[in-house]
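When a ligand or atom number is given, it counts from 1 through the structure's own listing order.
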Amino acid sequence: MKQRLRTELGEDVFQSWFARVEFVATDGLSVELSVPTRFLKSWIVSHYQDKLIALWQTEIASIRRVEIAMRSAVRLRPQAVPAAEERAVEAPAAPRAAAPAVAPAAAAPQPLRPVEAESAHGGSPVDPRFTFETFCEGAANRVAFAAAKAVAETPAGRATPYNPLYIHAGVGRGKTHLLHAVTQAARRIDPARRVVYLTAEHFMVRFVAALKTQSTLAFKEGLRDIDLLLIDDLQFLQGKSVQQEFCHTLNALIDGARQVVVAADRPAAELETLDERVRSRLRGGVAFEIATPDLELRQHIVLGRYEAALRQHPGLDIPPMVLDYVARTVVSNGRDLEGALNRLVAQWQYTDQPVTLASAEISLRDLVGVREAKRVRIEDIQKAVSRHYNVSKADLLSSRRTRTIVRPRQIAMYLSKMLTPRSLPEIGRRFGGRDHTTVLHAVRKVEELMAADATLADEIELIKRLIDE
Ligand SMILES: Nc1ncnc2c1ncn2[C@@H]1O[C@H](COP(=O)(O)OP(=O)(O)OP(=O)(O)O)[C@@H](O)[C@H]1O
């Protein structure tokens, strides 16, 4: 993989950013890599995440995410990473390199620590910088924010009326930030309250480990004996037995008036691979969406980040006009805003050139105006294709082999593979229980036809547009 990166990116870029990246593990869905410094992590995440995913997918098609951990943050490390030490490894001898690298989150004026390692409560690590104080409130997240605060402030042994509280939003809009904030505030307000924050992946890993060591009873009891359980990235909870166990845990906690908070990237009803019992239990609670940030919230986030960066680099100088430009043009989410600011700080830090509107325009080219892609569902594709070709959805899913139906069906399968993250077997299931090889054949066939027939290619483009609308 390193060799491919080197070829794709060139020796210089590879040496600057990837020479010290190490492979840690993969579970087929995500790949974990590690890097030695926070800055390197933030840089790779904001600049190369998609490229890494695409490269890994050429090796393992099911890969959906690449996660980058800091090597030293994986294990318990009680005190701050000395920023200067980070810089010493990081900085390609540059005029402003004496200043510390910008933190990826809106740091409060406190010593920066790496993500808190596995907590004493046995949960996943939480980032000490993700607090209510560093979370910017706005129209997009006001209700979720208020509900999250109410959860944190509710005394042990009681639950809010939002139980489970289900928070959903597209990438980078602050779900994890909010869950970490609840976790930390709840522990601070009442240290006796048993609070456990777990990513769905961590939940799975624990469960599988408990199965291996035949300690599932201890695992179950451990989870049912807590006051507040927060589960992040629920969309990654895979596997029948693990979902059943999660369902039992949900039932036991909610029925016992213990609070549960769940975050995911889409509404519960759309978590198609999730056990129906879990979905229905989640629907029994209250769901709030965090919407895309409006201009006011984006300005707020940019200023919060800038102030945090200023505390680290007292000489930092990014003109207000440029900050405003970032807030006005990077419209997708908090993560991209953070990435944009990190880039400008790095530009200031390493180039010795003033940050101007013109230079910002160049360095933020790929972030400007990017809107979050609409999540497309297989049903939307089936609907658009049946409308366009005037065949019924039942025909698309049927085993009829008439040419007028086979072609639209193949096109619908092709679009499902192109526009959704669903796997070939799953698409097959959603098209009347077909085998994954049938879907693969459809994808190849449509690609072949499109290459030979420009009219068909245009037609498919048109259907895509209809789906987007
Ligand atoms: N309202 C906000 N105020 C301050 N920071 C924010 C806000 N929204 C997002 N961010 C910042 O953007 C970054 C991404 O947020 P976070 O990781 O919480 O997103 P997420 O919704 O969990 O995304 P994903 O689903 O990709 O994990 C974080 O650094 C977070 O601090």
Ligand-residue contact atoms, ligand 1 with T134, heavy atoms, under 4.0 Å: 4 (C)

Test of proximity, F130 against ligand 1: N or O pairs below 3.5 Å: no

Ligand 1 to C136 polar contact by distance, N or O atoms, under 3.5 Å: yes

Charged N-O contact under 4.0 Å between R335 and E338: no

Structural part of R305 in contact with ligand 1, heavy atom criterion under 4.0 angstrom: side chain

Residue part near ligand 1, for H177, under 4.0 Å between non-hydrogen atoms: both

Test item, G172 contacting ligand 1 (heavy atom, 4.0 angstrom): yes

Ligand 1 N/O within reach of G174 N/O, cut-off under 3.5 Å: yes

Mutual orientation of the aromatic rings belonging to Y48 and F18 [parallel < 30°, tilted 30-60°, perpendicular > 60°]: perpendicular

Qualifying ring pair (Phe, Tyr, Trp, His ring centres under 6.0 Å) pairs, either residue in residues 227-267, two or more places apart: F203-F246

Side-chain donor/acceptor of E201 to backbone N/O of L234, under 3.5 Å: no

Part of I301 with heavy atoms under 4.0 Å of ligand 1, whether side chain, backbone, both or neither: side chain

D324/R298 salt bridge by N-O under 4.0 Å criterion: no

For ligand 1, the portion of I290 having any non-hydrogen atom under 4.0 Å away: neither

Ligand-side contact atoms (ligand 1) for residue partner N141, heavy atom cut-off under 4.0 Å: 1 (N)

Parallel, tilted or perpendicular: ring planes of H177 versus F130, cut at 30 and 60 degrees: parallel

K240/D275 salt bridge by N-O under 4.0 Å criterion: no

SB check E289 R266 (cutoff 4.0 Å): no

Residue T176 vicinity, atoms of ligand 1 by number, heavy atom under 4.0 Å: 17 (O), 18 (O), 20 (P), 22 (O), 27 (O)

